[in-house]
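Data block below; observations after.
Values in this document were obtained by computation on a predicted structure and should not be read as measured data.
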Amino acid sequence: MIELLKTNTFLQFVLLFATTFFACAKVTIQSKACRKYLKNTQDSLVYNTMFFASVALFLGVMFPQTFPTPLLIVLSLFSAAANFTFQVLYSVCLTTGPVSLTVLVVNFSVFIPTVFSAVLFKEDIFITQFIGMAFLISSMLLSFNKTEGEKKANKKWLVLTITALLATGIASCIQKCFFKTELANVENASNTFLFLVYVFATAISLLAVFINSKVAKKEKCTFWFSKNMALYAVFIGFIISVFQKLFMLSVECVPGAVLYPTYNGMQAVIMSVVGMCIFKDRLSSKQKLGIIFGIASIAMMNIKLGAAFNFCA
């Protein structure tokens with residue numbers, strides 16, 4: 001099955017669509033939970049701890065595991081640190097700076113693993129895929145929509161946003177590196193990698209909750225005993241565990257130059273539709289054009305025509 005996925009473009013597209021579907025389900029549910037329950041930094045840290053632990057539980061129960069090697073533990077720990085850093089900083093940036101600009105800047109993280117894959121692992125990029133990346137950039141810029149009342153950008157916000165961008169980009173690169181080590185040939189090693197990532201992320205998040213409770217003593221969590229929040233965390237844990245399994249399979253089977261831009265483009269298009277249908281967002285003509293460019297970028301990224309460029313040739 002793995003070998004077939006590596007060579008069949010149509011199956012790769014189906015895999016990416018399924019991966020994106022679960023990613024959008026996760027974002028939609030998280031958005032509802034965050035809007036309803038998260039009031040301060042401590043709320044965000046406690047919530048992250050809950051959903052990290054929930055994902056670890058589902059990954060441990062749903063997928064077979066293997067005994068972790070030192071290399072596996074190290075990669076998992078670095079990935080956990082990068083994921084935790086992104087989650088926390090992204091929340092802070094959305095709270096303290098302009099939301100639309102934060103989303104736009106962080107979305108450009110897609111090009112970190114794309115370039116990383118092309119340069120370090122010598123993956124070919126076709127002319128049509130360069131065109132697809134240009135369409136993706138156009139789509140992101142057209143989708144940018146500053147709303148009234150947004151907070152202004154400042155130096156602190158800029159530093160935190162760029163750090164968040166780098167953190168999520170590095171997390172993706174670590175996943176790519178996993179399949180270039182001897183761990184790729186170890187049965188169930190990818191399952192254990194994901195499990196340990198969320199175990200370590202839970203531990204890091206718990207430590208952050210403790211530190212923040214000492215530093216910001218007046219800031220208390222507002223939903224400690226909320227049954228609804230716990231149900232959100234459990235449901236999101238299941239969704240993310242399936243998403244992570246599909247995404248790891250995508251990383252293993254789909255070239256980085258196709259995977260990351262296609263996934264990002266699909267997510268942008270689907271979330272725009274979700275925004276209109278569920279959150280009743282109204283899109284401007286510019287944003288609707290951005291969706292068209294997003295669809296075009298998905299199509300171009302999956303068409304391998306023209307000369308192939310290899311940055312290490």
Side-chain angles (χ1 to χ4, degrees), residues 1-20 22-23 52 55-84 110 112-126 129 167-203 238 240-263 301-302 304 308 310-313:
M1 183 64 179
I2 297 295
E3 294 305 318
L4 182 61
L5 278 171
K6 289 181 178 180
T7 57
N8 191 304
T9 303
F10 175 73
L11 288 180
Q12 290 178 358
F13 183 82
V14 172
L15 175 61
L16 287 176
F17 182 82
T19 303
T20 308
F22 276 94
F52 282 145
V55 176
L57 177 63
F58 277 108
L59 287 170
V61 172
M62 292 171 59
F63 304 110
Q65 305 293 318
T66 189
F67 188 80
T69 64
L71 177 60
L72 183 57
I73 293 173
V74 170
L75 287 175
S76 301
L77 183 57
F78 277 109
S79 183
N83 276 295
F84 171 78
V110 66
I112 296 176
T114 302
V115 174
F116 181 80
S117 299
V119 174
L120 195 63
F121 300 126
K122 303 178 182 179
E123 294 180 356
D124 291 336
I125 301 181
F126 292 82
Q129 292 171 333
T168 187
I170 290 171
S172 296
C173 291
I174 293 172
Q175 286 184 312
K176 189 71 178 178
C177 286
F178 174 88
F179 289 107
K180 298 301 179 179
T181 68
E182 67 270 17
L183 295 171
N185 300 317
V186 178
E187 187 178 7
N188 299 324
S190 62
N191 295 339
T192 304
F193 169 78
L194 289 175
F195 173 68
L196 289 178
V197 165
Y198 282 94
V199 168
F200 287 139
T202 302
F238 171 75
I240 294 178
S241 62
V242 176
F243 159 73
Q244 285 289 5
K245 181 62 178 176
L246 290 174
F247 191 76
M248 282 293 282
L249 187 59
S250 300
V251 172
E252 182 179 5
C253 300
V254 183
V258 175
L259 166 61
Y260 301 106
T262 300
Y263 166 74
M301 288 305 306
N302 287 275
K304 299 178 182 179
N310 191 306
F311 290 96
C312 297

Checklist entry - Mind checking whether F179 and S190 have side chains closer than 4.5 Å, heavy atoms only? => result yes
Next on the checklist: Give me the atom names and distance for the closest heavy-atom approach of A189 to T66.
Outcome noted: CA-CG2, 3.7 Å
Checklist entry - Which residues pass the salt bridge (charged side-chain N to carboxylate O under 4.0 Å, His left out) test with K245, sequence neighbours left out? => result none
Item to check | With sequence neighbours excluded, residues passing side chain to side chain donor-acceptor pair (under 3.5 Å) with S76 | outcome: none
Checklist entry - Looking at side-chain heavy atoms only, is the closest gap between S241 and Y198 below 4.5 Å? => result no
Checklist entry - What pairs with L71 under side chain to side chain contact (heavy atoms under 4.5 Å, CB included), at least two apart in sequence or on another chain? => result T69, L75, T181, E182, L183
Checklist entry - Listed by chain and number, what are the side chain to side chain donor-acceptor pair (under 3.5 Å) partners of S79, not counting sequence neighbours? => result N83
Next on the checklist: My understanding is that only residues two or more places apart in sequence, or in another chain, count here; which of them pass ring-ring contact (aromatic ring centres under 6.0 Å, His included) with F238?
Outcome noted: F58
Checklist entry - What are the two closest non-hydrogen atoms of P261 and T114, and how far apart are they? => result CD-OG1, 3.6 Å
Distance-only donor-acceptor pairs under 3.5 Å for side chains of residues 249-260, two or more places apart:
unit_1	atom_1	unit_2	atom_2	d
S250	OG	T19	OG1	3.4
S250	OG	L246	O	3.0

Item to check | Heavy-atom closest pair, residues L194 and Q175 | outcome: CD2-NE2, 4.2 Å
Checklist entry - Can you name the residues that form a side chain to side chain contact (heavy atoms under 4.5 Å, CB included) with F13, not counting sequence neighbours? => result M266, I298, N302
Checklist entry - So which pairs with a foot in residues 168-179 pass salt bridge (Lys or Arg N to Asp or Glu O under 4.0 Å), sequence neighbours left out? => result E123-K176
Item to check | Side-chain heavy atoms of S172 within contact of I112, under 4.5 Å | outcome: no
Item to check | Non-neighbouring partners of F67 that pass side chain to side chain contact (heavy atoms under 4.5 Å, CB included), sequence neighbours left out | outcome: none
Next on the checklist: With rounding to the nearest 0.5 angstrom, report the CD to CZ distance, Q244 to F63.
Outcome noted: 10.5 Å
Next on the checklist: How close do A23 and F243 get, counting heavy atoms only, and between which atoms?
Outcome noted: CB-CE1, 3.6 Å
Next on the checklist: side-chain contact (heavy atoms from CB on, under 4.5 Å), that's the test. Do F193 and I174 meet it? Break it down for me.
Outcome noted: CA-CA 11 Å; F193 169 78; I174 293 172; 4.3 Å; yes
Checklist entry - Quick one: CG on L15 to CZ on F247, what's the gap to the nearest 0.5 Å? => result 10.0 Å
Checklist outcome for this item: Hits for ring-ring contact (aromatic ring centres under 6.0 Å, His included) against F200, two or more places apart or cross-chain, chain-then-number order -> none
Item to check | Under the side chain to side chain contact (heavy atoms under 4.5 Å, CB included) test, residues paired with P64 that sit two or more places apart | outcome: N188, N191
Checklist entry - Residues two or more places apart in sequence or in another chain: which of them pass side chain to side chain donor-acceptor pair (under 3.5 Å) with T192? => result Q65
